[in-house]
K.L.:
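First the structure, then my questions, so here it is.
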Amino acid sequence: HEFLIERKYAEVSKLVKRTLESGFGEALSRRIELPTVSKECLLLVCQFFYYRIKYKDVRGPKPEFEIPLKDTVDLMMASDFLDA
């Protein structure tokens with residue numbers, strides 16, 4: 001599966017940001033493969049990146065980013081891996 005995401009959102013992940021700033025093939029192709037992350041989890045990760053940017057400068061309470069209970073562990077592992 002393939003997800004296209006604007007760079008500013010993808011760079012919420014420190015791993016993605018460092019990779020895209022490197023001189024490696026992923027930086028040149030602007031394509032990063034994450035074979036250990038399921039498509040469902042990666043979709044949630046992308047949604048979380050959008051959430052982080054959207055509410056970055058909001059003062060006061062922000063709406064909760066809801067995570068389905070069944071995806072919690074996978075999302076935490078992906079977030080740790082991606083350094084997001």
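These figures come from a predicted structure and were not determined experimentally.
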K.L.:
Quick one: side chain to side chain contact (heavy atoms under 4.5 Å, CB included) partners of Glu6, sequence neighbours excluded?
P.N.:
Lys8, Tyr9
K.L.:
Report the distance from atom CG of Asp74 to atom CD1 of Ile67, rounding to the nearest 0.5 Å.
P.N.:
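Separation between the atoms: 11.5 Å.
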K.L.:
According to salt bridge (charged side-chain N to carboxylate O under 4.0 Å, His left out), who are the partners of Asp71, at least two apart in sequence or on a separate chain?
P.N.:
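Expected list: none.
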K.L.:
Transitively linked via ILVMFWY side-chain contacts under 4.5 Å: Val37 with Met76?
P.N.:
no
K.L.:
Given a cutoff of under 4.5 Å between side-chain heavy atoms of I, L, V, M, F, W and Y, with clusters grown through shared members, what are the other residues clustered with Met77?
P.N.:
Val73
K.L.:
Suppose we screen for side-chain hydrogen bond (donor to acceptor under 3.5 Å, both in side chains). Which residues come up paired with Arg7, at least two apart in sequence or across chains?
P.N.:
Glu11
K.L.:
Not counting sequence neighbours, which residues clear side chain to side chain contact (heavy atoms under 4.5 Å, CB included) with Pro61? List them please.
P.N.:
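Checked Pro61 against side chain to side chain contact (heavy atoms under 4.5 Å, CB included); zero matches.
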K.L.:
If you draw a 6.0 Å radius around CZ in Phe81, do more than 12 non-hydrogen atoms from other residues or ligands fall strictly inside?
P.N.:
no
K.L.:
Show me the donor-acceptor pairs within less than 3.5 Å that the side chains of residues 46-56 make with the rest of the protein, sequence neighbours left out.
P.N.:
residue : atom : partner : partner atom : Å
Tyr51   : OH   : Pro63   : O            : 2.4

K.L.:
How would you list, by chain and number, every residue that makes a side-chain hydrogen bond (donor to acceptor under 3.5 Å, both in side chains) with Lys62, sequence neighbours excluded?
P.N.:
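Applying side-chain hydrogen bond (donor to acceptor under 3.5 Å, both in side chains) to Lys62 gives none.
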K.L.:
Ignoring hydrogens and angles, write down the donor-acceptor pairs under 3.5 Å from the side chains of residues 23-36, residues two or more places apart or on other chains.
P.N.:
residue : atom : partner : partner atom : Å
Ser29   : OG   : Gly25   : O            : 3.1
Ser29   : OG   : Arg31   : N            : 3.3
Arg31   : NH1  : Glu2    : OE1          : 3.3

K.L.:
Testing the basics here: between Leu82 and Val45, what is the closest heavy-atom pair and its distance to 0.1 Å?
P.N.:
CD1-CG1, 3.7 Å
K.L.:
Taking side chain to side chain donor-acceptor pair (under 3.5 Å) as the cut-off, I'd like each qualifying pair that reaches into residues 12-21, sequence neighbours left out, listed once.
P.N.:
Lys17-Glu21
K.L.:
Atom CG in Leu75, atom CG in Leu44: separation rounded to 0.5 Å?
P.N.:
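Interatomic distance, Leu75 CG to Leu44 CG, rounded to 0.5 Å: 5.5 Å.
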